[in-house]
Each structure stands twice: as C-alpha cells, then as structure tokens.
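Heads up: the structure comes next, in structure tokens.
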2 protein chains.
Amino acid sequence: MTTIRDVARQAEVGVATVSRFLNGGYISDEKKSRVLRAIHELDFRINEVARSLSTGRSKAVGLVIPDLNNPFFPGIIHGVEETCENAGVMVMLAHTAEREDRVEAVINNLIQRGVDGLISASGLENPSSVSVPLVMLDRVNGTSAVDSVRTDHVQGGMIATRYLLSKGHRDILFLSGPLQNTGASLRLQGYRQMMEDAGFRPQWIEGKRFDFAEGYAIALECLKQGETSAIFAGNDLMALGVVRAAMEMGLQIPGDLSVIGYDGIDLSAHTTPSLTTVAQPMYELGKQAATMVLFRAYEESKRVCERVELTPKLLIRGTA
Amino acid sequence: MTTIRDVARQAEVGVATVSRFLNGGYISDEKKSRVLRAIHELDFRINEVARSLSTGRSKAVGLVIPDLNNPFFPGIIHGVEETCENAGVMVMLAHTAEREDRVEAVINNLIQRGVDGLISASGLENPSSVSVPLVMLDRVNGTSAVDSVRTDHVQGGMIATRYLLSKGHRDILFLSGPLQNTGASLRLQGYRQMMEDAGFRPQWIEGKRFDFAEGYAIALECLKQGETSAIFAGNDLMALGVVRAAMEMGLQIPGDLSVIGYDGIDLSAHTTPSLTTVAQPMYELGKQAATMVLFRAYEESKRVCERVELTPKLLIRGTA
DNA sequence: CTGAAAGCGCTTACAG
DNA sequence: CTGAAAGCGCTTACAG
C-alpha cells in the first residue's frame with residue numbers, strides 16, 4: 001500500500017504538503033503539480049480509516065433498514081443515497097432483518113466504525129442513548145425527542161377511508177398491520193376518525209405481519225362472512241394478499257369487493273388488476289432524512305428536535 | 001469518548017493489559033476483573049477505526065448489489081449476512097443502482113474504508129485490479145480469473161425448456177434479459193441447445209431490462225402474431241409482465257399461453273396465478289459467496305481461483 | 001507557502 | 001503475566 005509518505009518522498013515535499021494538497025490548504029503551484037504527478041505515478045489512494053482516526057470524522061453515515069424484502073424501502077434508500085452522494089458522504093447500509101435484538105448491535109457497530117450520523121428505519125428502544133446525530137425514519141418512537149421524518153399516516157388513513165366512503169361503501173374493513181408499529185396505529189386513527197365522522201362503525205383486524213401471506217390469510221377468513229364491501233389494507237403487500245384471496249373466492253374486484261392499499265410500491269402499479277393505493281413519498285422521505293442527518297452531522301448539531309411529516313397521495317387504479 | 005487509556009487508568013493497569021483483555025492474551029484473573037469492571041463503569045466501546053488502522057484488518061467485508069428493487073437480491077444478502085455474522089464479520093452493504101459508472105467508485109470507497117474482502121454482484125470491468133479478496137456473485141465476468149459463485153444457468157435454461165417441451169409445446173419463445181448479462185446468455189444457451197436437440201427452432205427476443213415493464217411491452221407486441229404457445233421469460237419480473245399482457249389480451253393462462261419465469265423470487269408464489277419458475281438458490285448463493293471471501297480474507301488467500309455453480313430447481317405452479 | 005512534530009486510539013513486539 | 005514504547009497513515013497547529 002502506498003502512503004502519503006511515499007508520495008511526499010516521490011514529490012520531494014513534506015507529508016504535510018501532500019496532506020494540504022489532499023484537503024485543500026495553501027500550496028504553491030509548483031509543488032501542487034509535483035504532488036499531483038507523484039500521486040498518479042504511485043496510484044495513491046488515501047487511507048480513509050487513518051483519515052477518520054485523525055480527524056474524528058468519517059464522511060459516512062449509517063442507514064439501518066429493517067427489511068430488505070419489503071419493496072417499501074428501496075425508494076427510501078435511493079433518496080438517502082442520492083442526497084448523501086451529492087454531499088460527498090458515503091452511506092453504510094445495514095439491515096436488521098426485522099430482528100429487534102439486532103438493531104442495537106448493528107447501530108453500535110456502525111458507531112464504532114465511526115459513522116458521523118445515523119438514519120434508522122428500525123425502531124429503537126432508547127434513541128437518546130445514541131451518541132451520534134440520529135434521525136428516525138418511518139418508525140418513529142412516539143415518546144422520545146428525536147429528529148424524525150415520516151408520512152402523515154393519520155392523513156393517509158383518512159384519505160383512503162374518505163375515498164372508499166365517496167364510492168358509497170360503508171362496510172369498510174381496515175386490515176391493519178401490527179399496531180405496535182406507529183404508522184399502522186396512526187392509519188387506524190385516521191380511519192376511525194373518518195368513519196365515525198361519517199357515522200359508520202369502524203371495524204378492524206390486526207395483522208401480525210405486514211406481508212402478503214398475512215393479508216391473504218385474514219382476507220380468506222373474513223370474506224366468508226360476506227359483510228364487507230371494501231378493505232383498506234395496512235400496506236400494499238397485504239392488499240395484494242387480499243386481492244388474491246378475493247379472486248380465489250370468485251369475487252369481482254372492484255365489483256364485489258374494493259381494495260385499497262398503502263405505500264405505493266412499484267409493484268402495485270403492475271399487478272392485475274393494478275392496485276389503488278395511498279402512496280408514501282418514499283424518495284422524499286429518504287431525501288429529507290438524509291438532509292437532516294447531514295445538517296446535524298456537519299452543520300449544526302444543537303437545536304430543538306425536528307419532526308417532519310410528508311403528505312401521502314391517493315393513487316386511483318384498478319381495485320377501488 | 002472513553003478510550004482504552006481511560007479504562008487503563010480506572011483499572012490501574014497498563015493500556016497493553018486492557019488491549020490484551022480485549023483481544024485475548026495473557027492476563028491474570030485479578031487484573032482481568034479490574035479491567036472488566038472499569039469497562040462497565042466507563043461504558044467503554046472500542047474504537048474500531050483505530051483498531052483497524054493498527055491491525056490492518058477491519059473484520060468487515062463489502063457487499064455490492066446492483067439493484068435493490070430487484071427482489072432477487074434480498075435472499076442473497078440474507079445468506080451473506082448470516083454467514084458473516086456467524087464469523088463475527090460485519091457486512092457493509094453498498095449498492096450501485098445499476099449505474100455501471102458507480103461500481104468502481106463504490107468499490108474503491110469500500111477498500112479505502114478498509115474492508116478485508118469484497119463480494120460483488122455488480123459487474124466489474126477489471127476484477128483483477130481489486131486489491132482485496134474478491135468474489136463475484138451472479139454476474140460473473142467470463143474471461144478473468146476471479147473467484148465466483150452463480151447458478152448453473154445453462155442447466156436452468158434447459159430445465160425450463162425441457163419442462164415446456166414435455167408439456168407438448170414447440171413454439172416456445174425465450175424472452176431474454178439483456179444478453180450482455182452473462183446469466184441471460186447462459187440461459188439462452190441452455191434454451192437453444194434443448195430446443196435444437198428436440199428438433200425445434202429456437203426463437204428469442206432480447207429485452208433491454210430485466211423488469212416488469214419490459215416483459216409486459218414485449219409480450220404485448222409479440223402475442224399479437226399468435227404463434228407462441230409458451231414463453232420462457234428471462235426472470236420472474238419479466239414473466240409477471242408477460243402474464244399481465246396475456247391476461248389483458250384475454251388469453252387464458254396456462255390454457256392459451258404457458259409462462260415460465262426464472263429466479264424464484266418470493267413474490268412469484270403469491271401472484272394470481274402463481275408463477276411456474278426456475279428457482280435460483282438465493283440464500284445458498286449468498287452463503288457460498290460469503291464462505292469464500294471469509295476464507296480468502298482470513299484463512300488462505302493464495303490459491304487457484306474457484307468457480308462454484310449451484311443447481312437451479314423447477315417450481316411447478318400455476319402458469320405452466 | 002512549508003516541514004517537523006505531536007496526536008488520533010488502538011496493537012504488538014520487547015524487555016522485564 | 002505486564003507495562004513503556006513504537007507504529008498504523010493520516011491531519012493540524014506551530015514555528016518558520
């Protein structure tokens with residue numbers, strides 16, 4: 001490995017001069033070109049770990065994602081990455097595979113490896129114990145005072161419900177994901193409020209997981225009764241499960257049953273029929289979160305905690 | 001930040017002793033317990049970047065993924081992560097968003113940050129220039145001598161084709177993904193060989209991308225002619241596009257048209273109808289790749305290059 | 001504008 | 001078994 005010393009020797013300058021060249025300090029044109037040449041001749045690449053140790057900054061932030069299988073996340077990741085890339089900051093992606101017990105370990109690991117900030121879409125029990133700037137993404141812990149960004153899920157729940165009501169439905173079932181998930185309970189809140197305001201009785205079932213199989217299983221179960229004319233699913237994956245269950249039971253969609261999802265994952269536009277859904281601004285969520293960590297990490301860390309909520313958007317397609 | 005010096009002072013020992021405690025060297029029980037206590041009292045966390053600089057090892061490997069939107073990858077990532085976790089090695093995930101120009105930058109960045117090895121599912125122009133142990137995953141560059149692991153795609157192509165032939169099809173269209181993708185061209189090879197052996201004329205169309213929209217668009221186009229009785233798609237996403245196009249044209253599946261996919265992504269089991277496909281052993285691919293880098297990085301780096309091919313598996317479901 | 005020196009937080013021979 | 005010291009590859013005052 002060639003180091004800054006090798007470059008200095010080759011260019012016949014001091015190592016401090018090479019360092020200045022690398023980091024932009026005063027340096028004469030004469031030496032500048034000698035250093036540049038030496039760097040090329042030696043194919044020098046700076047050792048970022050040494051740099052990190054010396055400066056106390058790594059120009060990297062960690063991004064922790066709970067579940068790569070959920071197509072909700074790639075858009076977010078993309079938003080974070082582009083924003084960080086523009087700022088010359090690397091993003092270290094880590095994922096916790098929905099194992100609550102892993103998130104603390106993963107975050108500690110990232111911190112020990114010197115990240116300057118952290119974005120977490122995995123829930124933390126104790127966010128304030130994190131020693132670097134942190135922004136919670138999507139899974140906001142209601143109680144603690146941390147920077148956070150998420151979609152306005154109450155509004156999202158209301159949008160979905162209002163739309164179904166406007167289509168004349170009144171037996172609308174909300175098939176929520178796990179309610180310990182803040183987003184899910186917020187959507188439920190929006191749903192309930194909208195239903196009650198309209199004078200109808202809210203009804204909901206709590207799914208154990210946010211996935212296809214769960215939506216499918218629950219729908220199969222409760223479509224037997226035949227009361228429901230519309231289902232608002234906790235997310236798109238569950239909605240897709242509902243659609244499949246309904247189709248297998250010979251129900252017409254949206255004739256016999258209307259289905260509306262939540263998230264607006266790419267796939268939802270491509271199924272048959274395509275899914276009507278409430279879309280979260282994934283890319284924007286990521287971008288916003290990244291902007292916030294970058295600011296905290298590199299501009300100004302002390303300030304009151306900031307909570308951003310982005311607006312969801314109804315996508316009317318084939319299922320409702 | 002509390003350092004090893006603080007711990008040493010608190011425990012009234014030398015810093016070397018603390019280091020030995022951390023890394024397992026000779027140390028008396030007496031001092032061992034004093035150090036342990038000090039570590040707890042001070043809530044000491046080792047600075048891994050300092051450790052890396054000192055040892056020249058980071059206990060981390062990089063994993064570069066071309067496209068997080070493709071559900072083919074999460075299974076692989078999972079396999080890599082579990083294997084590395086068991087070995088006490090962190091995996092730094094990076095993704096190149098299908099931008100060829102980013103992969104070199106991403107890899108350099110990872111190396112500069114001290115990874116001990118690298119697994120890349122993104123294609124590299126010049127793999128031999130990588131200065132740490134490297135294993136190519138899935139996208140194997142045919143020419144250069146690098147460790148690699150992938151599915152036996154020739155066999156995969158044959159399996160799909162053989163199955164369709166056994167069902168009596170003879171006008172089987174292979175809708176490949178981009179043929180510069182080695183996997184795609186290998187599947188084509190298996191398909192052609194099988195067709196020719198059976199005495200039928202192979203026919204294929206090259207899709208520009210491995211995605212839903214591409215499968216949909218091409219299918220819409222070529223199903224007009226009405227010659228084809230079966231389509232073997234380059235991957236599951238494309239196959240799903242084909243299914244949708246066919247359904248919109250009023251074709252019965254598999255009655256009027258049989259469709260078979262490739263990859264075996266989770267979703268393929270959950271669509272309506274569920275997709276018949278040739279499954280790649282995603283988890284195993286990741287596990288195998290991880291095992292190989294770990295070996296190269298921590299056991300024995302010099303050896304002839306190793307190329308592993310894993311066996312694909314036919315999953316008979318609803319579309320063929 | 002420039003170089004020698006100290007320091008970032010560890011590890012690892014080396015001499016006890 | 002243990003501690004002082006040198007070193008990993010950088011950066012950053014400091015004195016010129």
Side-chain angles (χ1 to χ4, degrees), chain A residues 1-36 38-39 42-60 88 90 108-109 111-116 131-132 298, chain B residues 1-36 38-39 42-60 88 90 108-109 111-116 131-132 298:
Chain A
M1 177 186 233
T2 111
T3 76
I4 215 183
R5 298 179 71 99
D6 302 321
V7 174
R9 192 179 314 123
Q10 174 97 347
E12 297 180 293
V13 301
V15 322
T17 301
V18 178
S19 180
R20 272 183 218 106
F21 174 87
L22 261 15
N23 299 291
Y26 290 123
I27 171 172
S28 64
D29 289 346
E30 158 68 19
K31 305 213 166 183
K32 190 178 293 189
S33 66
R34 293 214 316 255
V35 170
L36 184 58
I39 285 178
L42 270 38
D43 191 30
F44 168 75
R45 315 283 173 87
I46 198 168
N47 180 326
E48 291 286 354
V49 359
R51 204 215 285 253
S52 295
L53 179 59
S54 185
T55 61
R57 298 220 147 289
S58 63
K59 283 283 177 187
M90 187 200 188
N108 279 334
N109 207 314
I111 291 176
Q112 290 178 195
R113 287 173 190 281
V115 293
D116 298 329
S131 58
V132 300
Y298 304 117
Chain B
M1 177 187 234
T2 112
T3 76
I4 215 183
R5 299 180 69 100
D6 303 321
V7 175
R9 192 177 314 125
Q10 174 98 347
E12 297 180 296
V13 301
V15 322
T17 301
V18 179
S19 179
R20 271 181 219 105
F21 174 87
L22 261 14
N23 301 290
Y26 290 124
I27 171 172
S28 64
D29 289 347
E30 158 68 21
K31 303 211 167 183
K32 190 177 294 190
S33 66
R34 294 217 312 260
V35 170
L36 183 59
I39 285 178
L42 270 37
D43 191 29
F44 168 75
R45 314 284 171 88
I46 198 168
N47 180 327
E48 290 287 353
V49 358
R51 206 216 284 253
S52 294
L53 180 59
S54 185
T55 60
R57 299 220 145 289
S58 62
K59 283 284 177 188
M90 186 198 189
N108 279 334
N109 206 313
I111 292 177
Q112 291 178 191
R113 287 173 191 280
V115 293
D116 298 330
S131 58
V132 300
Y298 304 117

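Here is the naming used below: chain letters follow the sequence lines, and residue numbers restart at 1 for every chain.
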Which part of the nucleic acid, if any, lies within reach of [X] when heavy atoms closer than 4.0 Å are counted: base, sugar-phosphate only, or nothing?
X	result
B:Arg5	nothing
A:Phe21	nothing
A:Val13	sugar-phosphate
B:Leu53	base
A:Ser19	base

Are the side chains of [Y] and [X] in contact, using a 4.5 Å heavy-atom criterion?
X	Y	answer
A:Leu53	A:Val49	no
B:Thr2	B:Gln10	no
B:Val13	B:Glu30	no

Expressed as a whole number of angstroms, how long is the span from [X]:[atom1] to [N]:[atom2]?
X	N	atom1	atom2	value
B:Lys59	C:dT11	NZ	C1'	15 Å
A:Asp6	D:dG9	CG	P	9 Å
B:Leu22	C:dC10	CG	P	8 Å
B:Ile27	D:dG3	CD1	P	9 Å
A:Lys32	C:dT2	NZ	C1'	14 Å
A:Met1	D:dG9	CE	C1'	8 Å
A:Asn47	C:dC8	CG	C1'	13 Å
B:Glu12	D:dT2	CD	P	14 Å

Out of [options], which has the shortest distance to the side chain of [X]?
X	options	answer
A:Thr17	D:dA4, C:dG3, D:dG9	C:dG3
B:Arg20	D:dT11, C:dG9, D:dT2	D:dT2
A:Ala16	C:dT11, C:dA4, C:dA13	C:dA4

Given DNA chain C, 5'-ward residue of the pair B:Arg51 and A:Gly14, judged by closest heavy atom:
A:Gly14
Could you please spell out the steps behind the side chain to side chain contact (heavy atoms under 4.5 Å, CB included) verdict for B:Ile39 and B:Phe21?
CA-CA 10 Å; B:Ile39 285 178; B:Phe21 174 87; 3.6 Å; yes
For C:dT12 and C:dG16, measure between their C1' atoms and round to the nearest Å.
16 Å
Determine whether a donor-acceptor pair (one donor, one acceptor, N or O, separation below 3.5 Å) exists between the side chain of B:Ser54 and the base of C:dG9.
no
Which heavy atom of A:Arg20 sits nearest to which heavy atom of A:Tyr26, and what is that distance?
CD-O, 3.3 Å
By the Watson-Crick or G-U definition, both distances under 3.5 Å, D:dC1 is matched with C:dG16
Is it the case that the side chains of B:Arg113 and B:Asn109 hold a donor-acceptor pair, with the cut-off being a distance below 3.5 Å and no angle test?
yes
Contact under 4.0 Å: A:Lys31 side-chain N or O vs C:dG3 OP1/OP2:
yes
